[in-house]
Amino acid sequence: MSEIVRVEHLKKYFPVQKSVLEQLFTRKKKSVRAVDDVTFSIKKGEIFTLAGESGCGKTTTGKLIVRLLKPTSGRIYFKGEDITQLKREELRLLRRKMQIIFQDPYASLNPRMTIGKAIGHPLEIHGLARGEEKKGKVLEVLQKVGLTPPQQFMNLFPHQLSGGQRQRVALGRSIILEPEFMVADEPVSMIDVSLRTTIIDLMLGFRKELGLTYLFVTHDLAVAKYISDRIAIMYLGRIIEIGSKESLFKNPLHPYTKALLSAIPVPEPKKKREVIELKGEVPSAINIPPGCRFSSRCPFKKDECTKTEPELVEAEKDHSVACYLS
Ligand SMILES: Nc1ncnc2c1ncn2[C@@H]1O[C@H](COP(=O)(O)OP(=O)(O)O)[C@@H](O)[C@H]1O
Ligand SMILES: [Mg+2]
């Protein structure tokens, strides 16, 4: 499989306003290290998932890739082309190929725009279709995302739909330009549990039907297990373990991954699983612990862990971990 997206040493630091006292006594700039040296690549057609607790930098990584944010440093490639420095007009063209959807479809839909208008809007912006042709495409997309009969949805407004239906609208709007790559940032976490699988299955269907590749973002390892081909586990802005879904779930290597997995409910409670409880809370991304950034919560911490940061090292085929203990 060929590579569609690649990021190298990607970083995003957000500056933090210092208090008056801090301004007087320190010259050092403070920043939130939201994404702190991340490297990975996504193959065409696969579903690559970024997983990890809230605040670990998943959304920031997704926004950097589609260039809604500018990286502090590092490189982003799309189909071999370096897109890190693209300017406005080039970015506009890129948006036809790369899309992003967020967890809250209500926030991303204009309340005064009908569903038909919202879905057709990208066609207008890019000057791709108008009038009857546009309407035809919108009806086709409504059908594809399961809002049927499509004519009935054309003139409704977002507030007249359920959360699941609104996410279908957001999906429709993101596929109408026939993109090749989509970042799906927690797309089902605000949707009623009973509807999550149907929305996920719809998205999985688009992979084949439209040849889409996904970067999927979720804090929910059960969702990650259901959809992913490969998974990267993030902690405080870094990838601490990455691998195929099979090897990561069968043989988790990082204590953090093990802890996350032991929190997922198992269908067969008889099967004993190693349970790891984490100490304390995630430290602030402003004050990242020295050495291994997970060391402050790691039940297996050794002296060396607080000295230098471990790099990702391949432990088995297509499975790497950043931990001195494994
Ligand atoms: N615009 C911003 N300004 C300052 N800090 C931010 C901004 N966006 C995100 N952050 C911080 O960056 C870190 C990573 O956030 P985010 O990427 O949203 O994580 P996740 O999606 O995994 O929950 C968090 O500490 C968050 O508070
Ligand atoms: Mg997020």
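The figures here come from the full heavy-atom set of this structure, side chains too, leaving out hydrogens, waters and symmetry mates. Counting starts at 1 for both ligands and their atoms, in listed order.
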With no hydrogens and no angle check, just 3.5 Å: does a side-chain donor-acceptor pair link Ser295 and Tyr324?
no

Should the pair Lys135-Glu132 be classified as a salt bridge under the 4.0 Å nitrogen-to-oxygen rule?
no

Parallel, tilted or perpendicular for Tyr256 and His254, by the 30°/60° rule?
perpendicular

Hey, which residues fall under 4.0 Å of ligand 1 on heavy atoms?
Phe14, Val32, Ala34, Glu53, Ser54, Gly55, Cys56, Gly57, Lys58, Thr59, Thr60, Ala285

Using distance only, find each side-chain donor-acceptor pair of residues 208-223 under 3.5 Å and give its atom names and separation, not counting sequence neighbours.
{"from": "Thr213", "atom 1": "OG1", "to": "Gly45", "atom 2": "N", "distance (Å)": "2.7"}
{"from": "Tyr214", "atom 1": "OH", "to": "Met203", "atom 2": "O", "distance (Å)": "2.7"}
{"from": "Thr218", "atom 1": "OG1", "to": "Asp220", "atom 2": "N", "distance (Å)": "2.9"}
{"from": "His219", "atom 1": "ND1", "to": "Glu186", "atom 2": "OE1", "distance (Å)": "2.8"}
{"from": "His219", "atom 1": "ND1", "to": "Glu186", "atom 2": "OE2", "distance (Å)": "3.4"}
{"from": "Asp220", "atom 1": "OD1", "to": "Ala222", "atom 2": "N", "distance (Å)": "2.9"}
{"from": "Asp220", "atom 1": "OD1", "to": "Val223", "atom 2": "N", "distance (Å)": "3.4"}

Under-2.8 Å neighbours of the Mg ion (ligand 2), protein N/O/S atoms only
1

Nearest heavy-atom approach of Pro283 to Ser296 is CG-OG, 3.5 Å

With Met98 as reference, evaluate Leu177, Leu91, Ile4, Val5 under the side-chain contact (heavy atoms from CB on, under 4.5 Å) test and give the passing residue.
Val5

Just say parallel, tilted or perpendicular for the rings of Phe181 and Phe78, cut-offs at 30° and 60°.
tilted

Identify which one of Lys44, Lys245, Arg207 satisfies the salt bridge (charged side-chain N to carboxylate O under 4.0 Å, His left out) criterion when paired with Asp229.
Arg207

Partners of Asp318 by salt bridge (Lys or Arg N to Asp or Glu O under 4.0 Å), sequence neighbours excluded?
none

